[in-house]
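See structure below.
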Amino acid sequence: GNLAEMLFMLLLEHGVLVMRPSIVRHMDSVIDMLICSSVVSSLSFLGVIAVDRYITIFYALRYHSIMTLQRAVVTMASVWLASTVSSTVLVTYYRSNTILLCLIGFFLFMLVLMLVLYIHMFALARHHLHSISSQQKPPTAHRGGSLKGA
């Protein structure tokens, strides 16, 4: 995105491309919207991946009934649609403090969501590790020998 914008501006500055200023502004807005959309969608998909992993771990037996192909497609389409709409609004009203606060709020929400989910998953894994290690008995000499043979 940024490379395309820089190349576009260099071509305009050196006279290779000749366009009206209004078209240049529209092209700049489109490129900004694409960059913003990619950032928002990337953050959103990182959150979706965290939720998917959480469901995989905590609802393993019901995972395929919870996360169907249809739900996955709807989720992906929703993320792209929301990213496109929000980036269009962000680029259109970029001077508004409300828009800036919404963007910062979204970023913080996604960060906290991922942090909470991954901490909960880590706590479960640690709990399982302690459960498994407390159930194992130290091997006796006979058992140790048979394990070596196995």
Side-chain angles (χ1 to χ4, degrees), residues 1-11 22-150:
N2 241 355
L3 180 64
E5 185 175 22
M6 187 176 73
L7 181 63
F8 180 70
M9 295 310 251
L10 284 172
L11 291 174
S22 63
I23 294 175
V24 172
R25 280 193 305 274
H26 288 298
M27 291 295 292
D28 187 47
S29 293
V30 167
I31 292 171
D32 289 345
M33 193 240 357
L34 290 173
I35 292 169
C36 187
S37 179
S38 67
V39 169
V40 171
S41 63
S42 295
L43 278 172
S44 299
F45 279 120
L46 285 173
V48 167
I49 290 168
V51 170
D52 182 67
R53 288 179 178 169
Y54 184 86
I55 293 169
T56 301
I57 290 172
F58 286 93
Y59 302 97
L61 298 176
R62 294 186 5 219
Y63 177 79
H64 292 291
S65 65
I66 294 171
M67 189 51 63
T68 62
L69 179 62
Q70 182 181 2
R71 284 187 181 147
V73 169
V74 167
T75 300
M76 290 189 318
S78 298
V79 166
W80 282 115
L81 180 64
S83 297
T84 303
V85 169
S86 64
S87 65
T88 303
V89 171
L90 287 169
V91 168
T92 304
Y93 300 105
Y94 70 95
R95 290 193 173 135
S96 169
N97 288 337
T98 305
I99 296 298
L100 184 61
L101 287 174
C102 287
L103 185 61
I104 292 169
F106 171 74
F107 176 77
L108 291 175
F109 171 75
M110 293 308 288
L111 185 68
V112 169
L113 174 71
M114 288 183 281
L115 194 64
V116 166
L117 292 177
Y118 282 117
I119 286 173
H120 195 202
M121 287 183 269
F122 176 75
L124 178 71
R126 193 167 170 192
H127 174 73
H128 282 289
L129 179 66
H130 287 298
S131 310
I132 292 169
S133 64
S134 69
Q135 291 176 3
Q136 291 178 343
K137 297 178 184 173
T140 61
H142 174 68
R143 185 174 172 195
S146 65
L147 284 177
K148 285 182 185 176

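Note that these values count all heavy atoms, side chains included, but never hydrogens, waters or copies made by symmetry.
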Margin query: Students often mix this up, so state it plainly: with edges at 30° and 60°, are the rings of Tyr54 and His120 parallel, tilted or perpendicular?
Written below: tilted
Please table the atom pairs, donor to acceptor, closer than 3.5 Å between any side-chain atom in residues 62-76 and protein atoms at least two apart or in another chain.
from  : atom 1 : to    : atom 2 : distance (Å)
Tyr63 : OH     : Asp52 : OD1    : 2.5
Tyr63 : OH     : Asp52 : OD2    : 3.4
Ser65 : OG     : Arg62 : O      : 2.8
Thr68 : OG1    : Arg71 : N      : 3.2
Arg71 : NH1    : Ser65 : O      : 3.4
Arg71 : NH1    : Ile66 : O      : 2.6
Thr75 : OG1    : Arg71 : O      : 2.7

Checklist line | Results of side chain to side chain contact (heavy atoms under 4.5 Å, CB included) for Val89 - residues two or more places apart only | finding: Tyr93, Ile99
Next item on the list: Calculate, to the nearest 0.5 Å, the distance between atoms CD1 and NE2 belonging to Ile132 and His130 respectively.
Entry: 11.0 Å
Ignoring hydrogens and angles, write down the donor-acceptor pairs under 3.5 Å from the side chains of residues 102-119, residues two or more places apart or on other chains.
from   : atom 1 : to    : atom 2 : distance (Å)
Tyr118 : OH     : Arg53 : NH1    : 3.1

Checklist line | Partners meeting side chain to side chain contact (heavy atoms under 4.5 Å, CB included) with Ser37 (sequence neighbours left out) | finding: Ser83, Thr84, Ser87
Item checked: Nearest-0.5 Å distance that lies between atom OG in Ser86 and atom CE in Met33 -> 10.0 Å
Checklist line | With Arg95 via side chain to side chain contact (heavy atoms under 4.5 Å, CB included) - residues at least two apart | finding: none
Item checked: Pairs involving residues 70-89, ordered by first then second residue, that meet ring-ring contact (aromatic ring centres under 6.0 Å, His included) (sequence neighbours left out) -> Phe45-Trp80
Check: Can you tell me how far NE2 of His128 sits from OG of Ser133, rounded to the nearest 0.5 angstrom?
Finding: 12.5 Å
Check: With a cut-off of 6.0 Å (strictly less than), are more than 12 heavy atoms of other residues, nucleotides or ligands near OH of Tyr59?
Finding: no
